Q: 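Would you mind keeping the following structure in view while I ask a few things?
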Protein chains: 2
Amino acid sequence: MGRTPAGKTRERILAFVRERLLAGMPPTVREVQEAFGFRAVGTAHEHLEALVAGGRLARERGKSRGFRLPTTRRGEKPVVLVPLLGCVQAGSLTTAIEDLEGHLPIRSGHGSDALFALRVEGESMTGAGILPRDVVVVRKQAAAHSGDIVVALVGEEATVKRLVVRKKRVELHPENPAFSPIVPEPEDVTILGKVIEVRRYLEGSHP
Amino acid sequence: MGRTPAGKTRERILAFVRERLLAGMPPTVREVQEAFGFRAVGTAHEHLEALVAGGRLARERGKSRGFRLPTTRRGEKPVVLVPLLGCVQAGSLTTAIEDLEGHLPIRSGHGSDALFALRVEGESMTGAGILPRDVVVVRKQAAAHSGDIVVALVGEEATVKRLVVRKKRVELHPENPAFSPIVPEPEDVTILGKVIEVRRYLEGSHP
DNA sequence: TTGCGTACCAGACAAACGTCTGGTATTAGT
DNA sequence: ACTAATACCAGACGTTTGTCTGGTACGCAA
């Protein structure tokens with residue numbers, strides 16, 4: 001293999017490793033060697049070591065596929081897969097996970113048990129920037145603060161509304177002048193959780 | 001280690017492996033063994049093999065850390081981490097990645113090179129359900145169809161607007177009656193990419 | 001009871017893998 | 001011209017890691 005200008009190959013190696021890391025399959029030293037056509041393992045190893053020394057990569061010494069992105073990334077939380085339910089009906093949250101529409105990758109401090117996602121139907125929350133077919137990510141909790149956007153079960157139906165807590169009862173306020181607040185009897189309403197994220201997919205209908 | 005009800009531990013192992021894979025660090029068989037307190041490597045290996053046999057995991061035989069998410073899960077696309085840029089200025093897309101605010105997990109068929117994310121400022125797109133501080137995920141492309149929501153560079157400033165293609169020029173339409181369309185000279189506008197996803201984080205400000 | 005399947009343990013082997021030592025040729029600085 | 005640094009090659013060593021064989025304990029059904 002011919003010689004390469006200073007630092008040129010190194011950048012390509014960094015890009016290669018980063019790509020593999022983001023794809024979830026960290027490369028081995030020998031995979032780097034092969035990808036760049038080196039005839040010696042040590043060559044790839046030297047490049048990787050130089051990248052680590054320069055702080056552009058991190059590694060767990062001795063471990064296989066031990067190269068990582070630099071850890072200085074401000075305590076980023078792990079990514080979990082959250083089930084996307086097509087619709088929510090009474091009791092469905094306590095039953096087995098119905099993998100209706102797939103899983104969403106969510107970066108969260110909570111386990112995937114504490115979260116679920118839901119596709120919104122209707123236009124009652126357009127004023128809060130939640131449009132029909134948007135996906136809301138919900139953290140399960142039985143209570144919420146006044147002003148939170150929640151998923152609540154009224155009778156048999158689940159709806160997304162803004163919660164307003166009164167003295168004796170709770171109100172579910174839409175964010176659309178064409179709709180009226182729901183003021184259910186306290187025993188008819190169950191708060192399933194709080195909306196912590198809204199997503200809208202503009203291409204295709206995926207996921 | 002005591003005995004466990006059928007299939008119970010298996011599910012937890014699947015969740016563990018999935019989590020690690022999404023975090024970019026596939027576990028070894030022995031790491032699974034340790035995480036679940038098995039005193040034999042074979043036990044972890046059997047569980048993993050059973051998951052592979054059931055199609056719930058994939059693996060590259062013989063390779064270290066060879067367990068992967070099954071690629072055939074209804075064509076679910078891999079999750080990639082997309083850089084979230086605090087702001088976009090001229091030329092910054094071609095330069096090195098500025099890891100300003102972190103990375104977003106995105107399920108996409110494109111490589112992470114083709115995508116970036118951007119925090120929206122201003123209220124010009126509230127009519128399309130894009131509020132201030134929302135995050136838009138953008139696929140890099142130099143052209144787009146009329147009606148697409150795009151990120152465009154007008155002079156030195158990047159904006160999110162709906163694209164309208166006229167005969168000789170393009171127009172950038174806000175979705176808010178309080179703002180007026182931008183009709184720039186063709187040489188003053190560059191389309192950076194098309195918005196394919198909108199995200200809003202309602203808890204904390206972090207993704 | 002016997003037989004079968006599952007969950008787990010114990011230990012070992014070979015392949016994969018990170019790391020090291022030593023060497024050659026090219027480039028860059030002085 | 002001399003030196004230092006860089007890019008690469010060759011091979012080897014020891015650890016990590018996937019995989020295998022054989023065995024124990026428990027539950028379930030015939």
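When reading the values below, keep in mind they use all heavy atoms of this one structure, side chains included, and skip hydrogens, waters and symmetry mates. Given the structure is predicted, the values throughout are model-derived calculations rather than measurements. Chain A is the first sequence line, chain B the second, and so forth, proteins listed ahead of strands; every chain is numbered from 1.
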Q: Let's see if you can work this out: which of C:dA7, D:dC8, D:dG18 has an atom nearest to the side-chain heavy atoms of A:E46?
A: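 Taking heavy atoms from C-beta onward, the closest nucleotide is D:dC8.
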Q: Calculate, to the nearest 0.5 Å, the distance between atoms CZ and CZ belonging to B:R133 and B:R119 respectively.
A: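 Answer for the CZ-CZ pair, B:R133 versus B:R119, is 4.5 Å.
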Q: Measure from CG on A:L48 to P on C:dC20 and round the result to the nearest Å.
A: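 Taking CG of A:L48 and P of C:dC20, I get 13 Å after rounding.
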Q: Assess whether atom CD of B:E49 is packed by more than 12 heavy atoms of other residues, nucleotides or ligands within 6.0 Å.
A: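 Buried by this count: over 12 neighbours within 6.0 Å.
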Q: Output the single nucleotide from C:dT19, D:dA7, D:dT17 whose closest atom is nearest the side chain of A:R10.
A: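 In terms of side-chain proximity for A:R10, the closest of C:dT19, D:dA7, D:dT17 is D:dA7.
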Q: From C-beta outward on A:F38, which listed nucleotide comes closest to its side chain: D:dC8, D:dA10, C:dC8?
A: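 Ranking D:dC8, D:dA10, C:dC8 by closest atom to the A:F38 side chain puts D:dC8 first.
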Q: Whole angstrom is fine here: how far is it from CE in A:M25 over to P in C:dC17?
A: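 Going from CE in A:M25 over to P in C:dC17 covers 12 Å.
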Q: Filter on ring pair (Phe, Tyr, Trp, His ring centres under 6.0 Å), then keep only pairs touching residues 39-58 of chain B, sequence neighbours left out; what's left?
A: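 Non-adjacent pairs meeting ring pair (Phe, Tyr, Trp, His ring centres under 6.0 Å): B:F38-B:H47.
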Q: Within this structure, what is the CZ-to-P distance between A:R61 and D:dT16, rounded to whole angstrom?
A: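 Computing the A:R61:CZ to D:dT16:P distance gives 13 Å.
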Q: Which nucleotide sits closest to the side chain of A:H45: C:dC20, D:dT19, D:dA12?
A: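 My answer, after comparing the listed nucleotides, is C:dC20.
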Q: Starting at CD of B:E49 and ending at C1' of D:dT21, how long is that distance when rounded to a whole Å?
A: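 Going from CD in B:E49 over to C1' in D:dT21 covers 13 Å.
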Q: B:T43 near the nucleic acid: base, sugar-phosphate alone, or nothing, with a heavy-atom cut-off under 4.0 Å?
A: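 The answer is base, as B:T43 lies within the cut-off (heavy atoms under 4.0 Å) of a base atom.
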Q: Is the backbone N or O of B:E187 less than 3.5 Å from a side-chain atom of B:E185, with the two atoms forming a donor-acceptor pair by type?
A: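 No, because the side chain of B:E185 does not come within donor-acceptor range (under 3.5 Å) of the backbone of B:E187.
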Q: When the distance from NE2 of A:H47 to C1' of D:dT6 is rounded to whole Å, what number comes out?
A: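 Computing the A:H47:NE2 to D:dT6:C1' distance gives 9 Å.
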Q: Taking A:I182 as the fixed residue, which of A:V189, A:D188, A:V170, A:L172 is the one that meets the side chain to side chain contact (heavy atoms under 4.5 Å, CB included) rule?
A: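 Going through A:V189, A:D188, A:V170, A:L172 one by one, the side chain to side chain contact (heavy atoms under 4.5 Å, CB included) with A:I182 is satisfied by A:L172 alone.
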Q: Of the listed nucleotides (C:dT19, C:dA10, D:dC8), which one gets closest to any side-chain atom of B:A40?
A: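 Taking heavy atoms from C-beta onward, the closest nucleotide is C:dA10.
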Q: Roughly, in whole Å, what's the span from CD in B:Q33 to P in C:dA10?
A: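 Interatomic distance, CD of B:Q33 to P of C:dA10: 10 Å.
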Q: Does D:dT19 have its OP1 or OP2 closer than 4.0 Å to a side-chain nitrogen or oxygen of B:R59?
A: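 True: B:R59 side-chain N/O within range (under 4.0 Å) of D:dT19 OP1/OP2.
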Q: Of A:R30 and B:E60, whose nearest nucleotide on DNA chain D comes first from the 5' end?
A: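 So the residue in question is A:R30.
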Q: How many whole angstroms separate atom CZ of A:R12 from atom C1' of D:dA7?
A: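 Distance, rounded to whole Å: 14 Å.
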Q: When all nucleic acid strands are considered with a 4.0 Å heavy-atom cut-off, which category describes A:S64: base, sugar-phosphate, or nothing?
A: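 A:S64: backbone/sugar contact only, no base atoms under 4.0 Å.
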Q: Just the rounded figure in Å: distance from C1' of C:dA15 to CZ of B:R65.
A: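 Those two atoms, CZ and C1', are 16 Å apart.
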